[in-house]
There are 2 protein chains.
Amino acid sequence: MPSVPTALPSRDYAGQSAEQRRADRRERLMQAGLELFGTEGYPATSIEKLCARASVSTRNFYQEFPGREDLLLALHSRITGQAFEAASSALAELDDRSLAERIRGTVRAYISTTSSDPRWARIAYVEVVGVSPAVEQHRMGWRSKASELVTAVAARAVERGEARPRDFSLTAVAFIGAVNELVHEWSLGGRKVPIEDVCAELTRVGVALLTVD
Amino acid sequence: MPSVPTALPSRDYAGQSAEQRRADRRERLMQAGLELFGTEGYPATSIEKLCARASVSTRNFYQEFPGREDLLLALHSRITGQAFEAASSALAELDDRSLAERIRGTVRAYISTTSSDPRWARIAYVEVVGVSPAVEQHRMGWRSKASELVTAVAARAVERGEARPRDFSLTAVAFIGAVNELVHEWSLGGRKVPIEDVCAELTRVGVALLTVD
DNA sequence: CAAAAGTGGTAATCGACCTTGTCGGTTTCG
DNA sequence: CGAAACCGACAAGGTCGATTACCACTTTTG
């Protein structure tokens with residue numbers, strides 16, 4: 001009875017372990033997705049183009065991702081996750097400041113992350129919309145998290161007497177829409193005004209939404 | 001020398017003129033597009049499916065539209081045009097009312113049009129995003145028109161002393177984003193609250209944006 | 001009533017893309 | 001140094017959708 005090799009064998013090649021080279025290829029595919037999804041658009045980007053740009057064989061593509069859609073999802077998670085993290089930590093550090101300063105700092109962190117690269121902005125605001133039910137669900141999940149963040153800011157403002165208590169759920173969605181549309185317009189439209197103007201405008205919007213009425 | 005028939009020949013078939021039957025087929029294709037784009041989504045809808053649903057042959061499809069994208073564009077123009085018209089005429093009729101009433105009436109007209117049918121909302125807010133450069137340009141054109149409408153409201157408010165004069169271009173984009181995101185969330189999410197709540201929220205947003213600062 | 005003119009549906013062609021199997025080259029181990 | 005294992009590139013199979021060519025049918029006209 002021959003011994004059955006249950007564990008997958010793995011050797012080093014070119015001085016790198018199998019995991020290292022897998023991670024390498026995955027990262028190159030992510031970069032290719034960033035470039036192609038972010039400039040040519042998701043529908044115009046085939047798996048072959050992605051692999052050519054990343055210098056990865058199509059065979060290896062399927063070793064890393066079940067399909068093209070999953071690469072888009074991974075990119076979107078990375079972008080949105082970083083933006084969310086930046087916004088959250090900015091907010092945490094500004095807890096003792098005024099409402100306007102808290103909003104300005106949080107918005108600035110979010111904006112400078114998502115629009116630090118025009119391709120990020122395009123993927124986050126355009127290419128990820130209306131792709132498939134799975135992607136839509138993913139997007140809704142992130143929007144819901146953002147909505148919770150805004151609601152938390154509102155609750156804190158009520159605690160500190162900067163806003164009157166009421167249901168902020170609709171307001172939060174409206175504010176998210178305002179942020180996204182304005183950043184999208186600004187980023188994809190050539191960034192004709194300084195980023196501080198956009199921050200100032202969104203701060204005005206946020207403060208107005210929380211304090212009026 | 002034979003006479004050259006410069007005018008296109010056209011006979012009646014089934015008691016209808018060529019134009020009538022063309023218009024008929026075109027309208028049936030528009031309805032099929034509304035149904036399929038609005039429920040299955042644009043990427044999942046092939047020309048064959050459209051033709052089957054509309055009882056139109058693929059040959060006649062190309063007689064009416066250069067391609068699938070142009071049907072989407074025609075639908076989007078119809079939806080957005082109607083919404084825009086409803087909003088504009090509502091605004092015109094409310095010129096002597098207070099700022100809040102003008103905003104509420106205009107927003108209500110816009111919302112009740114775009115979300116009178118969930119498929120309209122989905123096409124207007126989701127399926128039309130990120131399809132191709134041509135569609136994106138089309139979308140930007142409509143957004144720019146909407147922005148002008150909001151700016152006009154702001155200018156009128158300044159005239160009447162309801163708002164302080166400043167540059168409202170960024171504010172207009174932010175407001176449009178707020179409207180779209182909230183209506184989208186509300187319409188696609190099951191409409192769990194009455195439409196008047198959405199109108200009230202967006203009125204609050206509009207008034208706040210124009211009067212604060 | 002027969003032939004011509006025009007119309008609309010069917011089906012074939014064409015190409016693109018996704019997916020997987022195979023092969024040659026390379027590296028490590030005995 | 002030889003053999004075996006392993007990796008990655010190439011390419012073929014298969015599916016699906018877009019586009020167009022052809023033909024059968026309908027209506028009119030002489």
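Note that the structure is predicted; figures quoted are calculated from it, not measured. In what follows, every chain begins at residue 1, and chains take the letters A, B, ... in the order their sequences are listed.
- The residues E101(B) and R104(B) are annotated as not salt-bridged, no charged nitrogen and carboxylate oxygen being separated by less than 4.0 angstrom.
- Judged by atom type and distance alone, T58(B) reaches the base of dT20(D) through a side-chain donor-acceptor pair under 3.5 Å.
- For dC17(C), the OP1/OP2 oxygens have no side-chain nitrogen or oxygen of R68(A) closer than 4.0 Å.
- Between V153(B) and R156(B), the closest side-chain pair of non-hydrogen atoms is not below 4.5 Å.
- Look at CZ on F61(B): it is 13 Å from P on dT20(D), rounded to the nearest Å.
- Listed nucleotides: dA18(D), dC17(C), dG8(C). Nearest to the side chain of E48(B): dA18(D).
- Residue R21(A) places its side chain closer to dG8(D) than to any other of dG8(D), dG8(C), dA18(D).
- Counting only heavy atoms from C-beta on, R59(B) has its side chain closest to dA21(D) among dT7(C), dA21(D), dA9(D).
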Between N or O atoms, less than 3.5 Å apart, protein on one side and nucleotides 13-16 of chain C on the other: list the pairs.
none

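- Within 4.0 Å of S57(B), counting heavy atoms only, lies at least one base atom of the nucleic acid.
- A donor atom on one side chain and an acceptor atom on the other are found under 3.5 Å apart for S77(B) and H138(B).
- Taking atom CG on L50(B) and atom C1' on dA18(D), their separation rounds to 12 Å, with Å as the unit.
- dG8(C) atom P lies 10 Å from atom CZ of R22(B), rounded to whole Å.
- Below 30°, between 30° and 60°, or above 60°: for H76(A) and W142(A) the angle between ring planes is above 60°, a perpendicular geometry.
- Rounding to whole angstrom units, CD of residue Q20(A) and P of dG8(D) are separated by 13 Å.
- Within 4.0 Å of R25(A), counting heavy atoms only, lie sugar-phosphate atoms of the nucleic acid but no base atom.
- Geometrically, R25(B) does not engage F61(B) in a cation-pi contact, judged by NZ or CZ lying under 6.0 Å from the ring centre and within 45° of the ring axis.
- To the nearest 0.5 Å, atoms CZ (R68(A)) and CD (E48(A)) are separated by 11.5 Å.
- Under 4.0 angstrom from either OP1 or OP2 of dG9(C) there lies at least one side-chain N or O belonging to N60(B).
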